[in-house]
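So the structure is just underneath, and the comments pick up after that.
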Amino acid sequence: MTTEDRPLYDVIIIGAGVIGPCLAKNLARQGRKVLIAEREWSRPNRIVGELMQPSGLKALKQLGMIKAINNIDAIEVDGYYIEFDGQEVLIDYPSKNVESALDNSPVPDAIKKGDEDKIGSDSTISAKRWEESPNVKGAGFTHGDFLMNLRAQALAEPNVTKLDGNVTGLVKDDQQRVCGITVADQGVFKGRLIINCDGIYSKFRKEIGEDYVPTVGSYFVGMELTDADLPAPHHGHVLLGKHAPVLMYQIDPHHSRVLCAYRSKTLPRRADVLKYLHNDVLPQLPKKLQPSFEAALNKDGQDIYKAMPNQYLTARLNNNPGFICIGDSLNMRHPLTGGGMTVGLNDAVLFLKMIADVKNEDLDNEEIILEKMIDFHNERKSLDVIINTLSIALYTLFAADSRYLTILQRGVFAYFLRGGSCVEEPIGLLSGLIPSIWTLFFNFFAVAFYACRLNIQARGIIGFPLALFENVGVLITASFVLLPLLLKEILS
Ligand SMILES: Cc1cc2nc3c(=O)[nH]c(=O)nc-3n(C[C@H](O)[C@H](O)[C@H](O)COP(=O)(O)OP(=O)(O)OC[C@H]3O[C@@H](n4cnc5c(N)ncnc54)[C@H](O)[C@@H]3O)c2cc1C
């Protein structure tokens, strides 16, 4: 078929990662003719997107796609386990009442087969257990398997056309409005609206602005542990110490993902990484975890670990005619809190709800779409500001490398040990179920003041003047960590 003979699609989606297929399926169900272009349709083997927060699962239900976590040996996740200097704390995910206070309504036309918003039972997931649990749950799974399920659901829609190819450029009309894509060796495909979901290394986000580039704060080095003896199965593990934070969670009954933060803004050298993992991380891990970690490190061959940059990018208004970014191409945060898919999926829900009443022939109407995008940009902030700010702020505290940050780090952990609202609110923020800027602000400074109090106690009467001096530094540091980030996110 020549370029001229090709149909005009209502929507073209670039990228079939986590977000692309969710948009494709739901837009198709809204009666749109959708083309989804992906350069690699085979199962990816990545270290990203393997722990889904409860709010991400809520969004999958609203999209009618929750069954994508079924039949992939996924692991139910009940909360977090945090270890610091040999002390530990277990934090449960919030009660279901917290979730039911939010908007749980499905995307229009998402649920056509009755139970598509209900989790199913399989060899590892029990729908009954899920139903009877008083608290919400998250899920751990292998990224590639989850993605293949999402893609299968999208491609099962008669209105979705699959395109196997590398998108190399955007096509613009005489008014400089984006109206199509160029695909390597295949030519041009035209659409009324182009949605870009090309992910972390986005080629096309610069369409929103030449200076729209992420910053790299650190790297995550990921390995897969076999039959790891986890201190708290069915929990995300955050292990703190002199090393940068280590994150761990089960991705199937026999395998756990370990992500070790590495303080570097450039791709770390292999020899340096292996030395760091051997000398700084391994000896400080809980004893029962060390054999599986060591076995992964001593694996034969080059493929011991994968490294990924931890990038940060504040969202901008999608005001480019004919072209919209969603997912990591729009917005990124530190993966420490596992919030990327949650933000992207909730954005997909919001976008699909907003666009539901737009007729196909109006999808190329700049005024209508811009109005929707302004609402989208403002409404998505309630969740996005929390998840993004929390991820960077927590990473800064957990990777503490200065005196004041270390005092704050101890304060965070001691704050969690108090229990009650000192854990319920932070875990509500992290799981994406308390989208309240005030709760984030209050808890962050409650931690800072608590850290100051503990510092005074630790210094004793003789050290009181020094503690006072240090506490001024602690409060200034806390303000510098939180406030610029929060303002940047709110004002973006
Ligand atoms: C180390 C790390 C760990 C993470 N862990 C978690 C976690 O545990 N939980 C969580 O919620 N989030 C996590 N994230 C974030 C999460 O992976 C992303 O938020 C999520 O994958 C974003 O989905 P997306 O669809 O925007 O992009 P992606 O999932 O990256 O998909 C982009 C797709 O576009 C395709 N593509 C790109 N360019 C082109 C092109 N030119 N032509 C055709 N196709 C193209 C790619 O092949 C890919 O399939 C992590 C991130 C990192 C870096």
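Along the sequence shown, the residues carry numbers beginning at 1. Just so it is clear, the model here is predicted, and its values are computed rather than measured. We count ligands from 1, going down the list as the structure has it; atoms in each ligand are counted the same way.
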With heavy-atom distances below 4.0 Å as the criterion, list the atoms of ligand 1 near [X].
X	result
I19	23 (O), 24 (P), 25 (O), 26 (O)
L51	7 (C), 8 (O), 9 (N), 10 (C), 11 (O)
G327	26 (O)
R46	21 (O), 28 (P), 29 (O), 30 (O)
N166	40 (C), 41 (N), 42 (N)
P335	2 (C), 3 (C), 4 (C), 50 (C), 51 (C), 52 (C)
Y249	8 (O)

Hey, does the Lys NZ or Arg CZ of R257 hover above the aromatic six-ring of Y249, less than 6.0 Å from the centre and inside 45° of the axis?
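Judged by the rule, R257 and Y249 form no cation-pi pair.
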Candidates K306, K299, H254, H255 - the one meeting side chain to side chain contact (heavy atoms under 4.5 Å, CB included) with E224:
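The residue from K306, K299, H254, H255 that satisfies side chain to side chain contact (heavy atoms under 4.5 Å, CB included) with E224 turns out to be H255.
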Strictly under 4.0 Å, does any heavy atom of [X] approach an atom of ligand 1?
X	result
G222	no
E50	yes
E38	yes
P309	yes

Residue and atom name of the nearest protein heavy atom (relative to [atom]), distance in Å to one decimal:
atom	value
atom 27 (O) of ligand 1	G199 CA, 3.3 Å
atom 31 (O) of ligand 1	G17 CA, 3.2 Å
atom 6 (C) of ligand 1	G49 N, 3.2 Å
atom 43 (C) of ligand 1	R39 N, 3.3 Å
atom 11 (O) of ligand 1	M341 N, 2.8 Å
atom 21 (O) of ligand 1	V18 CG2, 3.6 Å
atom 32 (C) of ligand 1	C197 O, 3.4 Å
atom 19 (O) of ligand 1	D328 OD1, 2.8 Å

Salt bridge (charged side-chain N to carboxylate O under 4.0 Å, His left out) evaluation trace for K33 with D10:
CA-CA 5 Å; K33 205 170 348 140; D10 295 316; 5.9 Å; no
For [Y], is there any backbone N or O sitting under 3.5 Å from a side-chain donor or acceptor partner on [X]?
X	Y	value
E38	A16	yes
D252	D73	no
S391	H334	yes
Q186	D164	yes

Report yes if the side chains of [X] and [Y] come closer than 4.5 Å at any heavy-atom pair, otherwise no.
X	Y	result
M65	N26	yes
I14	C197	no
L345	L60	yes

Counting only heavy atoms from other residues, nucleotides and ligands, does the tally under 6.0 Å from NZ of K96 exceed 12?
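Yes.
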Please evaluate residues L350 and N346 with respect to the criterion side-chain contact (heavy atoms from CB on, under 4.5 Å), reporting the C-alpha separation (whole Å), side-chain torsions for both, the decisive distance (0.1 Å), and the verdict.
CA-CA 6 Å; L350 186 61; N346 278 283; over 6 Å; no
Does R151 approach ligand 1 within less than 4.0 angstrom via side chain, backbone, both or neither, non-hydrogen atoms only?
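The answer is the side chain of R151.
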Record the part of F146 in heavy-atom contact with ligand 1 below 4.0 Å; permitted values are side chain, backbone, both and neither.
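Neither part.
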May I ask you to check whether T389 and K488 show a side-chain donor-acceptor distance below 3.5 Å?
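Not at all, the side chains of T389 and K488 share no donor-acceptor pair under 3.5 Å.
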Best match, A307, G338, G432, G15: closest heavy atom to atom 34 (O) of ligand 1
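That would be G15.
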Under 3.5 Å between some N or O of ligand 1 and some N or O of V167?
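Among all N and O atoms of V167, at least one is under 3.5 Å from an N or O of ligand 1.
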Taking R316 first and then D211, would you say they form a salt bridge - that is, a charged N and a carboxylate O separated by under 4.0 Å?
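Here R316 pairs with D211 in a salt bridge, since their nearest N and O are under 4.0 Å apart.
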